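Chain A is the first sequence line, chain B the second, and so forth, proteins listed ahead of strands; every chain is numbered from 1. The figures here come from the full heavy-atom set of this structure, side chains too, leaving out hydrogens, waters and symmetry mates. Keep in mind the model is a prediction, meaning the values are calculated, not measured.
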Amino acid sequence: MSRFSYSDEMLTRLLKVPQTIACVGLSINPIRPSYYVARYLQLKGFRIIPVNPAYAGKEVLGETVLASLAEITTPVDIVDIFRRSEFAGAVVDEALEMRPMPRTIWMQIGVIDEAAALRAEAKGLTVVMDRCPKIEYQRLFGELRMGGFATGIISSKL
Amino acid sequence: MSDSPSYGFDTLQIHAGSRPDPATGARQTPIYQTTAYVFRDADHAAALFNLQEVGYIYSRLTNPTVAVLQERIATLEGGVGAVGCSSGHAAQIMALFPLMRPGDNIIASTRLYGGTVTQFSQTIKRFGWSATFVDFDDAAAIEAAADENTKAIFCESICNPGGYVTDLASIATVANKLDVPLIVDNTSATPYLCRPFDHGAHLVVHSTTKYLTGNGTVTGGVVVDSGNFDWTKAGKHPSLIEPEPAYHGLKFHETFGPMAFTFHGIAIGLRDLGMTMSPNTAFQTLLGMETLSLRMERHVENAMKVAAWLEKDPRVDYVTYAGLPSSPYADRVKKHYPKGAGALFTFAVKGGYEACVKLVDNVEIFSHVANLGDTRSLIIHSASTTHRQLTPEQQEAAGAAPNVVRLSIGIEDADDLIKDLDQALAAATS
């Protein structure tokens, strides 16, 4: 269980389509979780911009991989960080240099940098740590219910 | 997993998992009696088969009615997910299957339902697995019985045939030390009386046939995952961490995090073992679960009255109900099972085996059946039935000696149950 708590209402708002998500650390290997997540979000209507210096210039999910956030020329809504916690702070600082700035910083499960989160929040960004947008999307929009997972959602509405 | 507001047990037992049907608005969960589901397009089908998207493919794997039950039980147990199975026995195999390879073993409590003892001591040998049975009041003995091939620890919370409740927290400590999951059969307690995950257990199995359904209509089982076992820490369970050839080398733990065990249960367990719960079964169990807390309160209240009456009766040698103040486990019940010790217990009849058989033949309200957790009160002579396959030593250890009768106390009027036992005891000991 994560020690960070985010309301369903907030996560639902953050995951509204369409948005552009820069996936930092995205692998081009189709069985890696980062590829899985990005492919899923793309299927749901998000635009994915892959960022990974190791694969710069290569094509993945129909998009060209960029070496850094600084190379992105279109507005980005969410920066999704698939890097270990010790590298997350540098990615956040890079994101804060983007113009326009992204609205949301999202760190994947196990990725936590509270100091970097505070820096981003001070600039008005929303930060989610230790969460996977794919899992939250599946949970909030009914998909995990189909697999028998505890979604925590109780509602008498259609 | 969720940060949503938390709800009370009585609200969750009715609402968890069951939003109105999206297609029709039906308020009660419909029985989705279908084998297969249409794919939106080829991409959707491919994503489902690759486990990249969750959805319905084929009812051996997932079904909308069964999914509601899975979510409801997972929620009540405080787990992340659950897999429905065709019976409680199926659930036990489904719980062990991802953990075990040929040559592996489990450490199990001596105090188990007789059918489980047989499944573990005999049948699982055919998979190359084995079980060592240990007194679970002796945590050191559990540790001493473990070796490098030990992959899980297994016990019941409130035990069948009764009289014993397990100190789950102390067993969980041993499990953590050994880096193996603690699997708890929570059938007799139900999540209303005990939530094993709150005591540190990692997996829960149920025979949903019993209290969860509550009225003896359908057989079913479920495996619930807490999501709290770190499969990568000691790396003892390769099925969950190593590349899975049937899914292009996907690693379950890496891809699904805390949901890995449940995904494995669906994608490998149900896919290839096929011990699937039927939609009709799930529907019956969902109906039953809506009143689980109300029934359990009455079950416990009645059990207390009947056990207290039997304990004072001169025709009775002893009563094993852990809820009685005289029980050696009274303190444990107070601490770990504050809502009660269930409604399952045994008592010894003066006159031994002969008197037990006569007693069972003379009851009028109690039904002589091999089941438990029914609204109806049930009686059985365990030594000649449910625990018949066991050796005399195993029967003794399980609390199913030849001179004891097991009761599953229902939700009738306690006074009528006492009258029935009174007249049957008179006939048995005359």
Side-chain angles (χ1 to χ4, degrees), chain A residues 1-14 27 29-45 61-62 82 108-111 128-158, chain B residues 1-7 11-12 15-17 19-22 25 27 43-44 47 50-56 61-62 64 66-84 222 224 227-228 243 247-251 254-259 262-263 265-266:
Chain A
M1 207 56 169
S2 176
R3 60 196 161 94
F4 302 100
S5 183
Y6 309 101
S7 73
D8 285 352
E9 183 273 327
M10 166 185 155
L11 294 173
T12 306
R13 190 162 29 84
L14 293 181
S27 173
N29 179 350
I31 64 153
R32 297 294 302 162
S34 58
Y35 179 94
Y36 242 70
V37 171
R39 182 182 182 279
Y40 178 86
L41 294 171
Q42 193 184 50
L43 281 172
K44 295 296 161 188
L61 300 169
F82 292 89
Q108 289 287 322
I109 292 176
V111 185
V128 176
M129 289 186 282
D130 200 20
R131 285 287 190 288
C132 173
K134 172 175 183 272
I135 291 176
E136 296 305 322
Y137 190 94
Q138 289 178 312
R139 183 174 73 78
L140 293 163
F141 297 99
E143 205 177 298
L144 280 186
R145 288 177 65 200
M146 297 193 264
F149 293 94
T151 63
I153 294 165
I154 300 292
S155 175
S156 60
K157 300 277 185 289
L158 267 175
Chain B
M1 176 157 59
S2 155
D3 305 319
S4 353
S6 58
Y7 297 93
T11 303
L12 294 173
H15 290 282
R19 294 180 67 171
D21 180 52
R27 181 59 280 221
D43 264 356
H44 178 222
N50 283 340
L51 303 182
Q52 286 159 335
E53 210 172 314
V54 183
Y56 304 117
L61 311 172
T62 46
V66 178
V68 173
L69 179 69
Q70 290 167 326
E71 180 170 359
R72 186 168 302 172
I73 297 176
T75 304
L76 291 177
E77 286 286 4
V80 295
V83 179
V222 74
V224 192
N228 287 339
Y247 287 104
H248 313 295
L250 168 149
K251 299 174 187 170
E254 184 184 75
T255 307
F256 301 113
M259 300 188 292
T262 301
F263 265 103
I266 299 167

Pair count under 4.5 Å, heavy atoms only, with chain B: among R32(A), E9(A), K134(A), highest is R32(A)

[X] versus [Y], closest heavy-atom pair with distance:
X	Y	answer
Y36(A)	N50(B)	OH-O, 2.6 Å
R145(A)	A67(B)	O-CB, 3.2 Å
P20(B)	K157(A)	CD-O, 3.3 Å
D21(B)	L158(A)	O-CD2, 3.2 Å
T255(B)	I31(A)	OG1-O, 4.5 Å
A47(B)	L43(A)	CB-CD1, 4.4 Å

query = Could you go step by step and tell me if Y40(A) and Q52(B) meet the side chain to side chain contact (heavy atoms under 4.5 Å, CB included) rule?
reply = CA-CA 7 Å; Y40(A) 178 86; Q52(B) 286 159 335; 5.7 Å; no

The ring pair (Phe, Tyr, Trp, His ring centres under 6.0 Å) partners of F82(A) (sequence neighbours excluded) come to none

Is [X] close to chain A through its backbone or its side chain, or both, or neither, when contacts mean heavy atoms under 4.5 Å?
X	answer
R27(B)	side chain
L51(B)	both
P22(B)	backbone
I266(B)	side chain

- Keeping the roles fixed (side chain from E143(A), backbone from E53(B)), state whether a donor-acceptor pair exists under 3.5 Å. no

Highest number of heavy-atom pairs under 4.5 Å with chain A among H248(B), E254(B), K251(B) belongs to E254(B)

### Query
Can you check side chain to side chain contact (heavy atoms under 4.5 Å, CB included) on I153(A) and R19(B), steps first, answer last?
CA-CA 9 Å; I153(A) 294 165; R19(B) 294 180 67 171; 3.8 Å; yes

Whatever's closer than 4.5 Å to a heavy atom in chain B on L140(A) counts as neither

Separation between CD (Q138(A)) and CE (M259(B)), nearest 0.5 Å, reads 6.0 Å

